[in-house]
Amino acid sequence: MPKIDAAKRPVDERVGDWREVYERQDPNERRGEVSQQARRCMDCGIPFCHSGSAGCPLGNLIPEWNDLVRRGRWDAASDRLHATNNFPEFTGRLCPAPCEAACVLSIAEDQTGGSVTIKRIEQTIADQAWLSGTVEPQPGAIRTGKSVAVVGSGPAGLAAAQQLTRAGHDVTVYERDDRLGGLLRYGIPEYKLEKSTLNQRLAQMRAEGTRFVTECEVGVDLTVEQLRNRHEAVVLAVGALRARDNDVPGRDLAGVHLAMDHLVPANRECEGDGASPVSAAGKHVVIIGGGDTGADCLGTAHRQGAASVTQLDYNPEPPESRDESLSPWPTWPLVLRTSPAHAEGGARRYEVAVQRFVGDDKGHVRAMEIAEVRVTRDADGRRQITPVGESLQIPCDMALLAIGFEGVEHMALLDELGLQLNRRGALSCGSDWQTDAPGVFVCGDAHRGASLVVWAIAEGRSAAHAVDAYLMGESDLPAPVRPGALPLAAV
C-alpha cells in the first residue's frame with residue numbers, strides 16, 4: 001500500500017474561505033484510512049523516525065502509537081502521543097515532518113510507496129482524542145508553592161507552562177498581544193490552523209491552573225523588578241520576530257511590506273477585528289522569499305482576491321527527489337516542496353532577486369525590477385548573490401518581504417535583565433537552560449532562532465525540566481533536547 005495523504009478540498013472552494021484546506025472526513029472513514037497507513041510502520045526493523053538527530057526532536061514514540069492505532073486502541077494511542085508531545089494537534093497540522101523524511105520506507109520510495117503518513121496519523125489521534133473527550137485537564141497532584149513566570153505564549157512558552165503547572169507550580173504566562181498563542185495565533189494563517197484548535201488547548205491549560213495575562217509587555221507594562229518579586233523563576237519564550245529586511249532602492253515606497261505586516265492583520269480579520277489594512281485584493285502581488293512564510297503569504301493573498309501572485313527565490317530550483325550526495329537519508333532532504341497554497345495558483349521563479357522597486361508619481365510601488373542571480377560563498381562562507389544578465393520589470397502593486405528573521409527583537413525586558421543577544425541574534429544559556437541572569441531561563445526561537453513548532457515544544461519541555469530542578473533540587477519532567485542541539489541536517 002502506498003503513502004496516501006489527506007484529501008484536500010477543491011481549490012475553487014477553499015480559496016473562498018479561511019477554513020482548513022483538508023476535507024472534513026467522517027471519523028470512522030478517516031480512522032480506517034489512517035489505520036491502514038499505521039500498518040505500514042510495523043515491518044520496520046530499526047526506526048529512525050523518532051531519532052532527535054534526524055527525525056522527531058520531541059522523541060515521539062511513533063512506532064508505538066502506530067501499533068496502537070493499527071489495533072484500534074485510540075485512547076491508548078493518545079496517551080502515548082501526549083506522553084512526549086503537549087500539543088499534537090498543532091504539530092500534526094504545522095510540522096514539516098522530519099520524521100517522515102527519516103522513515104525507513106522513504107529510502108526507496110519507488111519501491112516502497114513512500115514513507116508512512118506519520119503526520120496525518122498524529123493529527124488524527126489528537127483530533128479523535130478531543131472528539132471522544134479523552135483530553136482532560138491534568139492539574140498537578142501536589143502544590144509546591146513555587147511561582148514561575150513564562151514570558152510569551154507561543155508553542156515554547158505554552159509547553160513550558162503546561163509542564164510546570166502539572167508539576168505543581170503556580171505558573172503565570174505574560175503575553176504582550178491582546179490574544180494568546182504568539183505566532184500560532186497571529187503568524188500562522190487560519191487555513192493552516194483554525195484558531196478553535198488553539199482555543200480548546202488554552203481552555204484545558206486554564207482548567208489545569210495556568211494563569212494568563214494578556215496585553216502586558218514585561219519591561220513596559222510590568223517592570224522586571226516587579227516580575228522578579230512575584231516569581232521565583234522566569235522563562236523567556238519571546239520568540240525571534242525581528243524580521244530580515246532588504247534595503248534595495250524603492251524599499252520605502254508604499255505597498256512594500258514585511259511578511260508579518262501582511263499575515264498578522266489577516267489573522268486579526270479572521271478573529272473579527274475588522275478588515276485588514278494590508279490586503280492583496282485586486283493587486284499584483286510579488287513575494288520575495290521561497291520558504292514557509294512566503295507560502296503563508298501566498299495562500300493569504302489568494303484568499304484576499306489577488307489579481308496575480310509571483311513568488312521569488314534566489315536559490316536554484318531544488319530537485320523533485322532526494323539527491324543522496326546532497327542530503328543522504330535519513331537527514332532532511334533538499335527537495336522541491338509544494339504547499340497546498342502553491343496548488344492554488346501563482347508563479348514560482350527561481351534564481352532571481354529584486355534589484356529595485358519602481359514607484360508611481362504618488363509614491364506607491366507599481367513594478368519590481370528583477371534579475372537572474374547566482375548564489376556563491378566567499379572565503380568566510382558568507383552568501384554572495386550576484387546578478388547575471390539583464391534586468392526586467394514585472395507588475396507589482398504589493399511586495400511582501402518573506403526572507404526570514406534575524407533574531408529576538410530589541411526590548412526593554414532584556415535591558416532590565418542585563419542580557420545581550422549573541423551573534424545569531426538569540427539568547428544564550430548554559431546546559432541548564434539558564435541565562436546569565438540567575439533564575440531566568442530561555443527556550444524556543446528566542447534561544448535557537450526562528451525554527452519549527454516541534455523544536456519550540458521540545459525546548460519548552462526541556463526548559464520546564466530545568467526550572468523544576470532549579471526550584472525543587474530534582475525533576476521527573478522529561479527533557480527531550482539539550483541546549484544547542486541541532487537536527488543532523490543542520491550540522
Side-chain angles (χ1 to χ4, degrees), residues 186-187 189 241-269 275-317 339 341-342 344-376 382-407 409 425 450:
Y186 286 136
L241 290 173
R242 180 155 48 89
R244 184 173 291 118
D245 211 327
N246 192 346
D247 189 22
V248 299
R251 170 63 182 88
D252 58 346
L253 290 169
V256 182
H257 308 277
L258 296 172
M260 297 307 294
D261 294 337
H262 178 228
L263 295 174
V264 171
N267 275 302
R268 286 190 173 278
E269 181 174 344
S276 169
V278 186
S279 175
K283 297 176 181 176
H284 296 287
V285 179
V286 181
I287 301 166
I288 302 169
D292 288 341
T293 303
D296 291 346
C297 291
L298 176 66
T300 299
H302 289 322
R303 283 155 182 78
Q304 291 176 334
S308 70
V309 189
T310 303
Q311 189 173 8
L312 309 182
D313 191 336
Y314 57 64
N315 292 299
E317 183 174 358
S339 75
H342 291 116
E344 294 166 359
R348 302 170 82 175
R349 302 188 64 161
Y350 293 92
E351 294 187 284
V352 293
V354 58
Q355 303 302 297
R356 69 183 182 103
F357 299 103
V358 181
D360 59 20
D361 55 6
K362 296 181 180 179
H364 196 286
V365 65
R366 65 168 181 81
M368 179 187 293
E369 187 174 296
I370 63 173
E372 291 188 14
V373 296
R374 295 293 179 268
V375 180
T376 57
R382 291 173 298 197
R383 185 184 290 112
Q384 302 291 316
I385 303 173
T386 307
V388 294
E390 296 183 356
S391 298
L392 63 97
Q393 284 191 12
I394 58 175
C396 177
D397 304 313
M398 174 188 282
L400 300 173
L401 302 177
I403 52 179
F405 299 89
E406 293 186 333
E409 295 173 291

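- A donor-acceptor contact shorter than 3.5 Å is absent between the side chain of Glu372 and the backbone of Glu390.
- Under the side chain to side chain contact (heavy atoms under 4.5 Å, CB included) criterion, Arg242 pairs with Glu406, Glu409, His410, Leu421, sequence neighbours left out.
- Looking at every heavy atom in both residues, Pro189 comes nearest to Asn267 through CA-OD1, 3.7 Å.
- Under the salt bridge (charged side-chain N to carboxylate O under 4.0 Å, His left out) criterion, Arg374 pairs with Glu351, not counting sequence neighbours.
- Contact record, Ser308 with His284: OG-ND1, 2.7 Å, taken as the closest heavy-atom pair.
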Exercise for review: Show your working on salt bridge (Lys or Arg N to Asp or Glu O under 4.0 Å) between Glu317 and Arg348 and close with a plain yes or no.
Suggested key: CA-CA 9 Å; Glu317 183 174 358; Arg348 302 170 82 175; over 6 Å; no

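- The heavy-atom pair separating Cys297 from Leu400 by the smallest distance is CB-CD1, 3.9 Å.
- With sequence neighbours excluded, the residues that form a salt bridge (charged side-chain N to carboxylate O under 4.0 Å, His left out) with Arg382 are Asp378, Asp380.
- His302 pairs by the side-chain hydrogen bond (donor to acceptor under 3.5 Å, both in side chains) definition with nothing, not counting sequence neighbours.
- The side-chain hydrogen bond (donor to acceptor under 3.5 Å, both in side chains) test applied to Asn315 returns Asp313, not counting sequence neighbours.
- Considering only residues two or more places apart in sequence or on other chains, Gln304 meets the side chain to side chain contact (heavy atoms under 4.5 Å, CB included) condition with Trp18, His262, Ala266, Ser276, Ser279, Ala280, Thr300.
- Asp245 is linked by a side chain to side chain contact (heavy atoms under 4.5 Å, CB included) to Arg251, Leu258, Leu401, counting only residues two or more places apart in sequence or in another chain.
- Every side chain to side chain contact (heavy atoms under 4.5 Å, CB included) that Arg349 has, sequence neighbours left out, goes to Thr310, Leu312, Val352, Ile370, Leu392, Ile394.
- Here side chain to side chain donor-acceptor pair (under 3.5 Å) pairs that include residues 354-364, with residues two or more places apart or in two chains, are Arg356-Glu369.
- For the side-chain hydrogen bond (donor to acceptor under 3.5 Å, both in side chains) test, residues two or more places apart in sequence or in another chain that qualify with Ser339 are His342.
- Each of Val248, Val358, Val256, Ile288 was evaluated against Met368; a single residue qualifies, Ile288, per the side chain to side chain contact (heavy atoms under 4.5 Å, CB included) test.
- When all heavy atoms of Tyr314 and Val375 are compared, the closest pair comes out as O-CG2, 3.4 Å.
- Scanning all heavy atoms of the two residues, the minimum distance from Val285 to Ala306 falls at CG2-CB, 4.0 Å.
- Here the closest heavy-atom approach between residue Gly294 and residue Ile287 is recorded as O-CD1, 3.6 Å.
- Looking at residues two or more places apart in sequence or on another chain, you find a side-chain hydrogen bond (donor to acceptor under 3.5 Å, both in side chains) between Tyr186 and Asp178, Arg179, Arg268.
- Within the structure, every pair that satisfies the side chain to side chain donor-acceptor pair (under 3.5 Å) test and touches residues 288-299, not counting sequence neighbours, is listed here: Lys192-Asp296.
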